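Working notes for the structure below.
Worth saying up front: this structure is predicted, and the values here are computed from it rather than measured. One-based numbering, in listed order, for ligands and for the atoms of each.
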Amino acid sequence: MSIISDKDRTYIAGTYARFPVEISHGKGSVLYDTDGKKYIDMGSGIGVTSFGIADDEWKNAVSAQLSAVQHTSNLYYTEPCTRLAELLCQRTGMKKVFFSNSGAEANECAIKVARKWAEENKGAEYSTIITLKNSFHGRTVTTLAATGQDHFHEHFMPLTPGFVYAEANNIDDVKRLVKENKVAAVMFECIQGEGGVLPMNPEFIKELASLAKSENFLLAVDEVQTGNGRTGELYAYMNYGITPDIVSTAKGLGGGLPLGATLLGEKVENTLKAGDHGSTFGGNPICCAGAVNIIERIDDDLLTSVKEKSKLIFDSLSSAKGIESVSGMGLMIGIKTKKAAKDIIVNCIDKGVLCLSAKDKVRLLPALNIPTEELKEALQIIKNVCAED
Ligand SMILES: *Cc1c(COP(=O)(O)O)cnc(C)c1O
């Protein structure tokens, strides 16, 4: 620990409370710091490196494109983003895709589509978007407004108007807001990630979907964290048997390169016209070439193994000493520990395991292909740390 962290504090805006670890390199689900210490990676860069660090297949796809052409702008056609959009549509039944560079941008697009659709189909006054309390949708001024947590709003008022917040898992509260407002869409996470790895009740999601039909508003699912195989299905909404109108995703889609996507269903496939929206970097050929490789590999076998590893985690941690409860789905796991999550995470770093936090939980988002042996080793270390007095 040295020059890098000192310089970082001097020159980088102080928005991140970094842990005292300087990552130098890695392979798969193993990372090394600049002192050569080894860590098992249970966070995958917040659910981003879907197939781990420096994965060979993904690297080959990315480097081949890097040597062909790295950027063209969206004035021209390129194969990787077209191929990726085709794959995403074929795998989901959605009709069209808009590419951006991050989760917040994917949600910005979802919000713009919802408002334009409502203007054209219900009237311009139908601009309100209902989101859920305790949700997280991003850091831009509009996606902050969508985020149903007051503390994120502090210091940055006024935010974009037109967002109201319903109690999660409370359909009556959604119905009340639909009555009181002119609503374009409801936007929600199937499992609240930053909010503490809290899955929505299947009943609530079903009722929300039928309310969307009867009241004629759009269903927009934020799959930025839950998407791309994370929950054991390609997208988390598939666990709930619903058909959303808009799906936004990012994080794991690019496997480590910045890429966001907003998937548009039948109702909204032609809502955006030339000039309505855009992005200089969106659909970058290198990011998309990597993402094609990622999505092609999230097949039934991989999804089955995600579910098996999920069961292994629940079985291993659920009644362990110092652990109060385990929540989540697939390889998106929240652990409520007796001791403060922050202390558990710091002690795990010391013992060579990198974990995340979410509210008062320890959060695990390992690579989808983490080897079972490494997973078991990490779980044993986490259990030991949780059991310490
Ligand atoms: C991370 C996250 C975002 C924001 O994504 P960025 O790429 O950081 O802009 C939005 N929604 C959810 C559910 C997320 O987990």
Residues L312, T372; criterion side-chain contact (heavy atoms from CB on, under 4.5 Å); working and verdict:
CA-CA 9 Å; L312 194 150; T372 304; 3.8 Å; yes
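In this structure D56 satisfies the side chain to side chain donor-acceptor pair (under 3.5 Å) test together with K27, sequence neighbours excluded.
Using a 4.0 Å cut-off between a side-chain N of Lys or Arg and a carboxylate O of Asp or Glu, K112 and E108 do not qualify as a salt bridge.
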Less than 3.5 Å apart, which donor and acceptor atoms pair up between the side chains of residues 332-343 and the rest of the protein, not counting sequence neighbours?
from	atom 1	to	atom 2	distance (Å)
T337	OG1	K339	O	2.7
K339	NZ	E388	O	3.3

Review item, side-chain donor-acceptor pairs of residues 195-217, under 3.5 Å, at least two apart:
from	atom 1	to	atom 2	distance (Å)
S210	OG	E207	O	3.2
S214	OG	S210	O	3.3
S214	OG	L211	O	3.3

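A cation-pi geometry, defined here as NZ or CZ lying under 6.0 Å from the six-membered ring centre and within 45° of its normal, holds between R115 and F163.
For a heavy-atom separation below 4.0 Å, the residues in contact with ligand 1 are S102, G103, A104, N107, F136, H137, G138, E189, E194, D222, V224, Q225, K251.
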